[in-house]
Amino acid sequence: MGSLIESVSAELRHLVLAGELAPDERVVELDLAARLNVSRTPLRLAFAELEREGLFERLPKRGFRVRRVTLDEVAQAIDVRGALEGLAARTAAEMGLSTALRQEFRACVTEGRQLVDAATAGNPLNSEDWVAMNIRFHRTLIVSANNPVLAATLAHVAKTPLAAPGAVALGGMQPELELAFLTRAQSDHEDIVDSIEAREGVRAEALLREHARRSRDNKRRLIQAGVEFPGGGAAVVAAERTKASALEKALNATRWEGGMG
C-alpha cells in the first residue's frame, strides 16, 4: 500500500505542477480515481499527503482543492533550498570528493558548457538537456554531502512549485533570455565545482546561496511580467502581478542578472 500511495501522490503532484489541476480547483475523488486507475482509499491518503506538502487544502465541509501558491512562498522555498545546498557544498568541500563524484560533477559542467556554447554559436538551445543536466548537478551536490537528513529536507522543499532545480527553463518561449539565464548558471556551476575541488568550503557555500538568490529574483520578475514556466508556473499566483504583462516592459525596467538553476 505504501508504494501505491507514493505513486498516486507523485501523479497528483505532477498534475498540479503541470497546471492540469488549476489553483482553487476542487479535486473530485471519482474523477481522479478513474483517471489514475486507482481505488478511492489510496487516493484519499494521497490527498492527505499533498495537503501536508501544501499543494492541497481541505475544504470547510468536505473534500480538497488545489491551494494557491504565492510568489512569496516560492521565494522563501528557494531561499531555504539555497541555504541547504550551500551547506551541502561546504560539507562536500570540507570532506573532499570521491573520484566518482568528481567525475560526475565534471561531466555535468562539460555538458552544460557544450550546450551553452552551441546555443551561443547560433544553434537552438536544447533546454530539455540542460534541465536534465541541472537536476543531475544538484543531485550530485546533495549526494556529495553524505547527509540523509539534509537530503530529505531538500526533497520536501523542492515540492514547492518552481523551487526545484528542474524549474530552470522557459521551454523556448523566450530563447534569448533563456540563454542569458543559463549562461550565467553555467558559470556558477563551474565556479562551484572549482571551489569544492579546491576544498574552499566557505566560498562554495556563498556561491550556492548567490546561485539560488539569482534564481529566486529572476523567477519573481518573470512571473510578474506574465511569463509562465513549463511544469510549475501554472500553480503560482502572483498577487502583485502587474497589469503591464509584456516582457519587453519588464526588460526595459529591470536589470536581469541571469541564472536560473
### Query
Can you tell me if Asn134 and His189 form a side-chain donor-acceptor pair at under 3.5 Å?
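Judged by distance alone, the side chains do pair up.
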Heavy atoms only: give me the nearest [X]-[Y] pair and the separation to one decimal.
X	Y	result
Arg81	Ala163	NH1-O, 2.7 Å
Ala22	Val66	O-CB, 3.2 Å
Ala46	Val8	CB-CG1, 3.6 Å
Glu111	Asp129	OE2-O, 4.0 Å
Leu115	Asn126	CD2-CB, 4.0 Å
Ala77	Val157	O-CG1, 3.3 Å

Spell out, as yes or no, whether a donor-acceptor pair under 3.5 Å connects the side chain of [X] to the backbone of [Y].
X	Y	answer
Ser7	Ser3	no
Asn123	Ala119	no
Asp188	His211	no
Gln186	Val109	yes
Thr110	Ala107	no

#### Entry: Ion pair check, Arg209 and Asp79, cut-off under 4.0 Å
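Between Asp79 and Arg209 there is no salt bridge, as every charged N stays at least 4.0 Å from the carboxylate O atoms.
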Note, [X] side chain near [Y] side chain (heavy atom, < 4.5 Å):
X	Y	value
Phe64	Leu59	no
Ile142	Glu85	yes
Arg68	Asp24	yes
Leu208	Leu84	no
Leu182	Leu125	yes
Glu104	Val143	no
Ile78	Arg213	no
Glu190	Arg113	yes

Pairwise distance [atom1]([X]) to [atom2]([Y]) - rounded to 0.5 angstrom:
X	Y	atom1	atom2	value
Leu50	Leu45	CG	CG	12.0 Å
Cys108	Trp130	SG	CH2	9.5 Å
Leu43	Ser9	CG	OG	9.0 Å
Glu210	Ile192	CD	CD1	10.5 Å
Leu12	Leu21	CG	CG	7.0 Å
Leu55	Leu15	CG	CG	11.5 Å

### Query
Mind checking what makes salt bridge (charged side-chain N to carboxylate O under 4.0 Å, His left out) contact with Asp194, not counting sequence neighbours?
Arg106
### Among Glu11, Glu20, Glu29, salt bridge (Lys or Arg N to Asp or Glu O under 4.0 Å) partner for Arg35
Glu20
### Message
Between Arg203 and Asp191, is the side chain to side chain contact (heavy atoms under 4.5 Å, CB included) condition met? List the steps.
### Response
CA-CA 9 Å; Arg203 180 169 182 261; Asp191 290 342; 4.3 Å; yes
Output side-chain donor-acceptor pairs under 3.5 Å for residues 86-101, partner residues at least two apart or in another chain, one line each.
from: Arg90; atom 1: NH1; to: Glu205; atom 2: OE1; distance (Å): 3.0
from: Thr91; atom 1: OG1; to: Leu87; atom 2: O; distance (Å): 2.8
from: Ser98; atom 1: OG; to: Leu101; atom 2: N; distance (Å): 3.2

### Query
Should we say atom CZ of Arg136 is surrounded by more than 12 heavy atoms from elsewhere, each under 6.0 Å from it?
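Counting other residues, nucleotides and ligands, CZ of Arg136 exceeds 12 neighbours.
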#### Entry: Ring geometry between Phe56 and Phe47 (parallel below 30°, tilted from 30 to 60°, perpendicular above 60°)
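Answer is perpendicular, since the angle exceeds 60°.
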### Query
Which class fits the ring pair Phe137 and Phe105: parallel under 30°, tilted 30 to 60°, perpendicular over 60°?
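Taking Phe105 first and then Phe137, their aromatic rings stand perpendicular (interplane angle over 60°).
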### Task
Determine, step by step, whether Glu51 and Glu57 satisfy the side chain to side chain contact (heavy atoms under 4.5 Å, CB included) criterion, reporting the C-alpha distance in whole Å, the side-chain angles of both residues, the deciding distance to 0.1 Å, and the verdict.
CA-CA 5 Å; Glu51 181 188 21; Glu57 62 183 356; 5.8 Å; no
